[in-house]
Amino acid sequence: MLKKLFSHTAIYGVAPQISKIAAFFSLPLITKYLTDIDFGVYGLLMAYTTALSVLSSLGLRIVIINGFYHYPAQYKWLWRQLYGFLNLWNIFYALILGILIYYVVPTEAIEHRWILVFLTVLPLVFFGQTAVLGLTYYQLNQKPLQVAWRSALFGVLTVLLNILFIVYFKMGYMGWFWSLCISGLLNNFSYWYPLNFKLDLKPIYNFKWRLIKKSLKVSFPVIPHHYSSYLVDSSDRIVMDWFKVSTGDIGKYNLAYNFGNVFNSLGTACGMAITPLVNKMYKKSDDQGAKRLIFLLQLSFFAITFFSCIWLKEIFNLMISNEALAKMYPLGIIIIMAYNYRPMYLGAVSKLFYVEKTNMLWKLTLTAGLINLILNIIFIPIYGIEAAAITTFICLIYMGYAGYFSTSFKSVNNVQYYPLIWAVSTILLTVLASLIVDLNIEYKLLITFTLIPLAVFLVLKLKLLDNEKEI
């Protein structure tokens with residue numbers, strides 16, 4: 001089981017990271033032709049787009065996933081009806097998104113307003129939730145390579161198009177939007193063909209409204225749950241816009257956040273890999289096995305994020321050809337370490353999703369999002385972009401661990417996860433990384449080569465314990 005977890009996480013995680021790595025090494029090229037204004041326009045519009053993105057699927061992915069496990073002989077009939085409904089819904093959703101983009105375009109980008117609207121809604125109008133359905137099919141059938149090659153191919157294509165449009169055509173922020181539109185259309189088409197012609201998953205537009213209503217009753221409580229992720233991850237840039245923080249400062253913050261997004265993507269990949277594995281364990285009432293997988297992921301995350309953060313100053317100086325932007329590494333540390341919440345978050349949420357106790361989730365996670373929003377409104381006008389990074393850290397930690405103390409989770413859980421120990425460890429490691437990052441390289445090398453064997457030992461020890469349990 002551990003081999004599957006690591007292999008599938010590697011496939012789900014490494015494939016998207018191929019494009020992230022390519023994007024990373026393209027930074028010295030493209031940052032020469034970008035300003036903080038470019039990063040600000042892009043970050044602000046993506047924040048507003050994300051604000052509505054939770055409505056694109058109406059939370060129905062949880063119904064799609066549960067249908068696969070609960071109705072293995074009839075899930076395709078369910079999926080086809082939801083596919084047809086979502087295709088129609090996404091035309092209306094694209095209209096709402098287009099109106100929003102039109103009105104929130106920053107002054108610096110006003111001349112490209114209509115093109116930005118067009119590039120944002122085009123993939124939705126043509127394909128709706130096709131890519132989401134295709135990805136879910138391959139994920140649940142444990143065929144990660146089908147997801148991986150698409151993530152790698154279209155991710156790298158996006159990076160190459162960024163270089164083409166930004167470096168050679170000098171299009172600035174517009175280069176990003178053209179790249180995302182083109183790669184988004186192609187990615188959706190790569191799923192559309194097998195869904196419609198190989199897997200017998202053509203959409204049914206004459207769907208049964210009774211089924212749709214029943215599905216929405218399950219999915220609607222999930223919408224606030226997923227919206228809370230937006231409130232934590234992206235609402236800070238909108239608050240900055242409300243309080244007239246300069247587009248340039250928003251751009252600096254957005255660059256630092258981009259480094260955190262690499263680890264957010266890794267956490268998402270872990271979730272995709274671990275969901276089928278822990279669901280099988282829950283089906284066998286093996287909660288101890290699920291716990292060991294979560295602990296193993298958490299230790300691995302600690303090691304990866306901590307060692308990345310203590311070298312973040314050198315990484316920024318090497319990869320960012322803009323002196324003002326390269327000084328944002330302290331913000332990067334806070335944001336990167338905040339994403340250590342993800343493995344333990346999966347431990348609580350995966351169990352609640354499996355038993356379909358979703359009503360509690362939206363209360364928990366939306367609370368985290370609202371706390372983040374309120375703290376941003378209070379402190380961004382006073383302390384600026386630094387406050388946004390700290391409030392993000394606080395609320396992600398809350399969202400990752402508070403679920404373990406809920407009545408809903410306690411009623412279905414019979415193992416001890418030690419959430420407070422993991423939460424305090426995250427805080428201590430963040431403080432330690434912030435202190436070490438400015439030390440001389442010689443000291444950092446000594447610290448790195450001293451701690452790596454310890455990290456490897458802890459991971460291997462947990463793996464050996466799991467192997468003994470299986471025997």
Side-chain angles (χ1 to χ4, degrees), residues 8-27 29-30 34 42-43 45-46 49-50 53 56-57 61 64 83 86-87 90 93-94 97 115-116 118-169 171 173-199 201 258-273:
H8 286 194
T9 299
I11 295 171
Y12 284 127
V14 170
Q17 299 316 312
I18 291 174
S19 63
K20 299 286 185 183
I21 292 169
F24 183 74
F25 284 106
S26 73
L27 284 175
L29 284 174
I30 67 174
L34 294 170
Y42 175 72
L45 290 182
M46 291 306 294
T49 301
T50 308
S53 64
S56 61
S57 66
R61 189 167 184 265
I64 292 171
Y83 188 14
L86 284 172
N87 279 349
N90 268 250
Y93 167 73
L97 179 60
I115 299 177
L116 289 168
F118 173 79
L119 294 176
T120 302
V121 305
L122 193 62
L124 288 169
V125 172
F126 275 95
F127 292 106
Q129 295 299 299
T130 296
V132 173
L133 190 66
L135 183 150
T136 304
Y137 174 85
Y138 290 122
Q139 175 198 355
L140 297 182
N141 283 281
Q142 297 188 39
K143 296 180 179 179
L145 288 175
Q146 290 291 335
V147 178
W149 75 257
R150 288 174 170 87
S151 298
L153 175 63
F154 297 113
V156 171
L157 176 63
T158 302
V159 174
L160 294 176
L161 289 174
N162 283 340
I163 295 173
L164 176 67
F165 292 135
I166 294 172
V167 176
Y168 291 97
F169 292 130
M171 296 174 66
Y173 59 84
M174 286 301 298
W176 279 314
F177 290 98
W178 274 106
S179 300
L180 288 175
C181 179
I182 294 170
S183 59
L185 288 169
L186 294 174
N187 182 48
N188 271 281
F189 181 78
S190 75
Y191 283 111
W192 178 83
Y193 182 80
L195 283 177
N196 285 269
F197 296 102
K198 293 184 177 181
L199 302 175
L201 283 169
N258 284 344
F259 282 79
N261 283 337
V262 174
F263 295 90
N264 187 24
S265 298
L266 181 58
T268 301
C270 290
M272 294 175 64

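What you see below is based on every heavy atom in this structure, not just the backbone, and it leaves out hydrogens, waters and symmetry mates.
With hydrogens and angles ignored, the 3.5 Å screen pairs a side-chain donor or acceptor of N141 with a backbone N or O of Y137. Remark: the backbone N or O of G260 is not paired with any side-chain donor or acceptor of N264 at under 3.5 angstrom.
Taking OG of S57 as the reference point, atom CG of N90 lies at 8.5 Å (rounded to 0.5 Å). For the atom pair CG of L34 and CD1 of I166, the computed distance is 4.5 Å after rounding to the nearest 0.5 Å. Of the inter-residue distances, the one linking I163 atom CD1 with Y168 atom OH reads 8.0 Å to the nearest 0.5 angstrom. Interatomic distance, L160 CG to S179 OG, rounded to the nearest 0.5 Å: 9.5 Å. With rounding to the nearest 0.5 Å, the separation of CG in L180 from CG in L122 is 12.5 Å. For the atom pair CG of N162 and OG of S183, the computed distance is 8.0 Å after rounding to the nearest 0.5 Å.
Contact detail for L116 and T120: the closest heavy-atom pair is O-OG1, 2.7 Å. Pairing each heavy atom of C181 with each of P123, the nearest pair is O-CG, 4.1 Å. Taking each heavy atom of A94 and L124 in turn, the nearest pair found is CB-CB, 4.1 Å. Of all non-hydrogen atoms in S56 and S53, the two that sit nearest each other are OG-O, 2.6 Å.
Taking the side chain as every heavy atom from C-beta outward, Y191 and Y138 approach each other to under 4.5 Å. Considering only heavy atoms from C-beta on, I115 comes within 4.5 Å of W178 through its side chain. Between R150 and L135 the shortest side-chain heavy-atom distance does not fall below 4.5 Å. When side chains are defined from C-beta on, F165 does not count as touching M174, because their heavy atoms never get closer than 4.5 Å.
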*Pair L97-T49, side-chain contact (heavy atoms from CB on, under 4.5 Å): steps then yes or no*: CA-CA 7 Å; L97 179 60; T49 301; 4.2 Å; yes
_Apply side-chain contact (heavy atoms from CB on, under 4.5 Å) to residues Y93 and Q129 and explain how you reach the verdict._
CA-CA 11 Å; Y93 167 73; Q129 295 299 299; 5.8 Å; no
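Y173 has its ring centre no less than 6.0 Å from the ring centre of W176.
Using a 3.5 Å distance cut-off with no hydrogens or angles, the side chains of N188 and T130 do not pair a donor with an acceptor.
Under the 30°/60° scheme for interplanar angles, the aromatic rings of F127 and F189 are found to stand perpendicular.
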